[in-house]
Amino acid sequence: MMITVKNLNKSFKDNKVLNNISFELNQGEIGVLLGKSGAGKTTILRCINGLEEFDSGEIIIYKEITKTSKDIQKLRGKIGMVFQNFNLFPHMSVIENVIESPINVFKIKKEKAIESAKEILRLVGLEDKLNSYPCELSGGQQQRVAIARACALNPKILCFDEPTSALDPDTIKNIITIMKKLKSQGMTILIITHDVNFANEVSDKIINIKEGIVEEIKKVV
Amino acid sequence: MMITVKNLNKSFKDNKVLNNISFELNQGEIGVLLGKSGAGKTTILRCINGLEEFDSGEIIIYKEITKTSKDIQKLRGKIGMVFQNFNLFPHMSVIENVIESPINVFKIKKEKAIESAKEILRLVGLEDKLNSYPCELSGGQQQRVAIARACALNPKILCFDEPTSALDPDTIKNIITIMKKLKSQGMTILIITHDVNFANEVSDKIINIKEGIVEEIKKVV
Amino acid sequence: SDNKSKEKKEVIIGFDNTFVPMGFLDENGETVGFDIDLAKETFKRLGLDVKFQNIDWSMKDNELNVGNVDALWNGYSLTEERKQKIAYTDSYLDNKQIIVTLKNSKIKTKSELKGKKIGTQQESASFEAIQKDSTLMNSLDGSSPILYDTFDKAFRDLEIGRTDAIVADEVLARYYMSQKGENKYSILKDNFGEETFVVGFKKDNTVLKDKVNETLKEMKSDGSFDKIYKKWFK
Amino acid sequence: MIQGLKIVLSVFFITLIGSMILGVIVAFLRLSKNKLISSLAKGYILLLRGTPLLLQLIFICFGLPILGIVFDRFIVAILAFTLNYSAYFAEIFRGGIESIDKGQYEASIVLGFDKFTMYKRIVFPQVIKRILAPLSNEVITLIKDTSLVYILGINDILRIAQIASNRELSLVPLVQVGIIYLILVALLTQAFKCIEKRYSYYR
Amino acid sequence: MIQGLKIVLSVFFITLIGSMILGVIVAFLRLSKNKLISSLAKGYILLLRGTPLLLQLIFICFGLPILGIVFDRFIVAILAFTLNYSAYFAEIFRGGIESIDKGQYEASIVLGFDKFTMYKRIVFPQVIKRILAPLSNEVITLIKDTSLVYILGINDILRIAQIASNRELSLVPLVQVGIIYLILVALLTQAFKCIEKRYSYYR
Ligand SMILES: Nc1ncnc2c1ncn2[C@@H]1O[C@H](COP(=O)(O)OP(=O)(O)OP(=O)(O)O)[C@@H](O)[C@H]1O
Ligand SMILES: Nc1ncnc2c1ncn2[C@@H]1O[C@H](COP(=O)(O)OP(=O)(O)OP(=O)(O)O)[C@@H](O)[C@H]1O
Ligand SMILES: [Mg+2]
Ligand SMILES: [Mg+2]
């Protein structure tokens, strides 16, 4: 198992948001979290990425058992995430946003990083926006930069929080292609989406969340 | 005609984003702008709302001919907008976000404003989040506050920039109900979306934008 | 302000409230000192009210010139330069610019100050006296004395060893030495000249100047001046 | 000492209120789209930040009388302090106003707010949260700068302590006045902490 | 005058560099999650903002020698100025760091940056843009505060001008020194404007 979430519980003050969430995902699998707005999907991803402290339960990444967000943050660079609101670096151009982490975290040579970045940005259709700044991009373009930035990190696990919300059907197809390619390279992927078609097309497993509870886990074939 | 857009042109530096855009919308009609990411949809809405200066062309609101963003801003309170990234007021609770404009712009009594706000927030399914702050909400919840806030203004024209991008199918149904109700009250509505089903269901007219050009205008029956 | 003071029958005297023992604030916040007593007595005799306005001493001549104060009376030394610019009384007290060193200092004469650091108060008669002796001044370490805003700092630095000597008004220096213990210091035989304390007025205010001058003379002859002098100088 | 403390506090409070209000006005003039107005505001800020407060005090006290304009010493102090600090506050406010997300302004426009309401209800509450730290710096500097009134011959606590230190040849009076300032600044710091807390309910 | 200007500039530049560096360190200590460390930093800031720079100069110059610690007077000036200003800069930096959107920190964590890289590459470039206005206030105050060295018996330009003004019964020397300060501050303002421009490519 690449990701095992076991009995995850989390409250914001007295609002119980996650209630004994458990599921697992194999290496090279794509899982989708489905559920109504406010069901707790983003909170699950944030826990897995060490951005949110959880009350109880454990998250096992490969064989590493983690019980606090600190533990998870030690796995630096192994889990990537595309945020629902992108969180691009406003002071960096599109290409700088993408190469920053490969260069600084994985110490990849700048030329090589730029080359790979250009490749991935071409795949998401941003080859003509390399030197634009986030504030000069449309919503969907920003979202694609966020996707490219997370992919360039080349982590073991990649989480997407509604990665296609601002994208048109054609672009979504490109994203699906990318995800399948990443999967074939052995990456484990966890996606939040509201687009049921997209979910069916891309995923191996659909995890239905309802008001903080895992309602159903469905294998897709 | 409620909205007439005539030969609208707009460039960002040497990037020509809108190229002779023309379309019109009757009172009580719902129009949808469809198009690839980066096609120029948001820019059109921003021009109509007086948030972006355009290079040439005119936007006629009812009988008011406007040629600059200043002209449009004079129609204060008559055109509303839901932003792609919401732009909620972070220092105000959900209900405060919604009542702020009715109270301050339309001088509606506080109790009455609160009552209407509660009603509209109930319709979008946020009755239990009245006193939460935007930073405590999920993506979809924030989006619904933005929708409620714009509707509470009760403008003549309402523009939505991808209002359902972060919402699940059930919630989208509620939003459709709301839009149809507003339409029946005579409101003119312009929506950007990537969701073709949603577009077909809700709209009277679909305006297809491709790389800054109106490719096709289609009546929906 | 000439007219104003006549109307109001009030004379405003500018003084520096750090200048012990001539005029300063005591621990109760009262303005006291030799000059203060002297001025009070003088204007009592003249039938004028007197008000003591504390001023920044480095701005004293400006204060007088603008008319914020009618007189400067606070160990105000008469210099050649000032003679041109103000009206002044006859001298009411003689003063010397003395040189103070620590008891164990090797410096015994003025000429031995060469290459040494000496401290004094900025914008003081002492500094002017040093400036007059330009050869000596140029021979000092840094070609200038070190200038403090108040004399207590000059004494501190002398003790700390940052300076080798102090040049100061005799009245002032004796006050500090009595506070700190006279036996810690020695006063050189040489000095930087003698001079006189006067009361200064605006150039055109000779009427008031003459009146004060008369009264001071009167007080010297009837012994009240001596009484005040003894109160402040043992 | 009590007398000196009174001076400190009255100069402080009057200046604080006056210069904040003036500062807001100058900040808006500085941000005006009218080139002339914004240049004038820039000049004002340059002149008042560009010259020492001490000189400004001296000019108002000794310079204006040459032109026949004579103020009471206390009025001089208030005038100079208020003008001087208004320039510093104006820059802080400007920085704060400019740092607020463009989206907030756009949302206000689209919701139909007039400028006044927009600034009062949307922009300023967010600006205040953001500028608290530099504001506290400036306010704390102000309470200590009040001691500059000595140049006008007004005895504030620092001056009184310096005189006592000089008279008694002891650093104790300075330690005492240091403690008084420390208490005043601790109170101010506490006040700022309270405001910070009041605004901490959102991010 | 030239001599005085040299003093102003050397105190200014040395202090600026020293107190900025120290300020960053103090800001981080102040933000530390360790209660003890952050309390110590708070105490440091309170003490140094809480007492007048004038007193700090006097204590280091005349107080420490009582304990047998004697510094050269120029060193005293640099030391006091650097410590004092580091507290003010620390608060500005802290405010800036806290005002950066939480999402930026989260993105950095998720992208695997270590703390140092995160602050160097992501946080600080954005902080600088945001704190330029209050920073300019503090830097401008610093250049004028250098005149406080007079208390140590060092003659700066302001003091020299005051003495000349009194000697010559004229405000001209003060006007001259005012102009010198004005030029210095105008240069600084210009420098800040350049930095502002350099950071204006994004919003
Ligand atoms: N910081 C917070 N403080 C308090 N409550 C929060 C906070 N973040 C989220 N919540 C609440 O937790 C619940 C789950 O939020 P979450 O963001 O996980 O939902 P979601 O499933 O991602 O929804 P969406 O599809 O709308 O993004 C919501 O009711 C939300 O209001
Ligand atoms: N402020 C700006 N400066 C420069 N270019 C901009 C700016 N805003 C938008 N653009 C460019 O204008 C084009 C149209 O942008 P717009 O936001 O209108 O697209 P859109 O149709 O809304 O796309 P999406 O569906 O992705 O939101 C894009 O190529 C974008 O890069
Ligand atoms: Mg979410
Ligand atoms: Mg858009």
Side-chain angles (χ1 to χ4, degrees), chain D residues 42 45-47 49-56 58-59 62-63 66 87-96 98-99 101-102 129-138 140-141 143-145 147 151 158 161-162 165 171 174-175 177-186 188-189 192 196 203, chain E residues 42 45-47 49-56 58-59 62-63 66 87-96 98-99 101-102 129-138 140-141 143-145 147 151 158 161-162 165 171 174-175 177-186 188-189 192 196 203:
Chain D
K42 265 185 214 166
I45 292 170
L46 179 60
L47 189 68
R49 293 203 305 179
T51 50
L53 179 50
L54 193 72
L55 283 192
Q56 293 165 16
I58 292 176
F59 278 117
F62 304 107
I66 296 175
Y88 288 91
F89 285 132
E91 275 301 276
I92 292 182
F93 293 143
R94 176 184 72 89
E98 282 181 338
S99 82
D101 182 31
K102 211 172 121 205
K129 183 186 172 97
R130 196 161 281 174
I131 63 175
L132 273 179
L135 215 54
S136 78
N137 273 356
E138 228 49 73
I140 286 171
T141 308
I143 203 160
K144 293 180 300 183
D145 262 1
S147 69
I151 197 86
L158 184 57
Q162 266 180 299
S165 166
L171 293 181
L174 294 178
V175 174
V177 77
I179 291 171
I180 293 180
Y181 276 114
L182 208 55
I183 292 171
L184 290 178
V185 171
L188 284 176
T189 307
F192 272 99
E196 204 171 318
R203 269 205 71 119
Chain E
K42 267 184 211 165
I45 291 171
L46 179 61
L47 189 68
R49 293 203 306 178
T51 49
L53 178 50
L54 193 73
L55 286 192
Q56 292 165 15
I58 293 177
F59 280 119
F62 304 110
I66 296 175
Y88 287 91
F89 285 131
E91 274 301 276
I92 293 181
F93 292 143
R94 176 184 71 91
E98 282 181 338
S99 83
D101 182 32
K102 211 172 119 204
K129 182 186 172 94
R130 197 161 279 176
I131 64 176
L132 274 180
L135 215 55
S136 78
N137 273 354
E138 227 51 72
I140 287 172
T141 308
I143 202 159
K144 293 180 300 182
D145 262 0
S147 69
I151 203 86
L158 185 57
Q162 247 180 308
S165 159
L171 292 181
L174 292 177
V175 174
V177 78
I179 290 171
I180 294 179
Y181 275 114
L182 209 55
I183 293 171
L184 290 177
V185 171
L188 284 176
T189 306
F192 272 99
E196 206 172 315
R203 268 205 71 119

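Quick caveat: nothing in here was measured; it's all calculated off a predicted structure. Letters go in sequence order (proteins before strands), and every chain restarts at 1.
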What distance separates D:F93 CZ from D:L135 CG, expressed to the nearest 0.5 Å?
-> 5.5 Å
E:S99, part contacting chain D, at a heavy-atom distance under 4.5 Å = both
Give the minimum heavy-atom separation between D:P134 and E:P134, together with the two atoms involved.
-> CB-CB, 3.2 Å
Contacting moiety of E:R49, where chain D heavy atoms sit under 4.5 Å | both
Between E:L46 and chain D, which part of the residue has a heavy atom less than 4.5 Å away: side chain, backbone, both or neither?
-> both
Which residue out of D:S165, D:S136, D:G63 racks up the most heavy-atom pairs below 4.5 Å with chain E?
-> D:S136
Under 4.5 Å, counting heavy-atom pairs only, tell me which of E:I45, E:I183, E:L174 racks up the most with chain D.
-> E:L174
Residue part contacting chain D, namely of E:D145, when any heavy atom lies under 4.5 Å = neither
When heavy-atom pairs shorter than 4.5 Å are enumerated against chain E, which of D:Y181, D:Y88, D:F62 gives the highest number?
-> D:Y88
Between D:R203 and E:K102 the two heavy atoms that sit nearest each other are NH2-N, 3.4 Å
Atom group of E:S147 that falls short of 4.5 Å from chain D, counting heavy atoms = neither
Among D:L188, D:L54, D:L132, single out the residue with the greatest number of heavy-atom pairs under 4.5 Å to chain E.
-> D:L54
Which atoms of E:Q56 approach chain D - backbone, side chain, both or neither, heavy atom under 4.5 Å = neither
Taking every heavy-atom pair that is under 4.5 Å apart, which of E:D101, E:L184, E:L182 has the most such pairs with chain D?
-> E:L182
Rounding to 0.5 Å, atoms CD (D:E196) and NZ (D:K129) come to a distance of 8.0 Å
Quick one: what part of D:I143 sits under 4.5 Å from any heavy atom of chain E, side chain, backbone, both or neither?
-> neither
Hey, which of E:N137, E:V185, E:I92, E:T189 has the most heavy atom pairs under 4.5 Å with chain D?
-> E:N137
With E:E91, which residues qualify under salt bridge (Lys or Arg N to Asp or Glu O under 4.0 Å), at least two apart?
-> E:R30, E:R94
side-chain hydrogen bond (donor to acceptor under 3.5 Å, both in side chains) involving D:T141 - partner list, sequence neighbours excluded | none
Highest number of heavy-atom pairs under 4.5 Å with chain D among E:L47, E:T51, E:I66, E:I179 belongs to E:T51
One should read off an interatomic distance between D:L158 CG and D:K144 NZ, to the nearest 0.5 angstrom, of 11.0 Å
Are E:V175 and D:F59 close enough that some pair of their side-chain heavy atoms sits under 4.5 Å apart?
-> yes
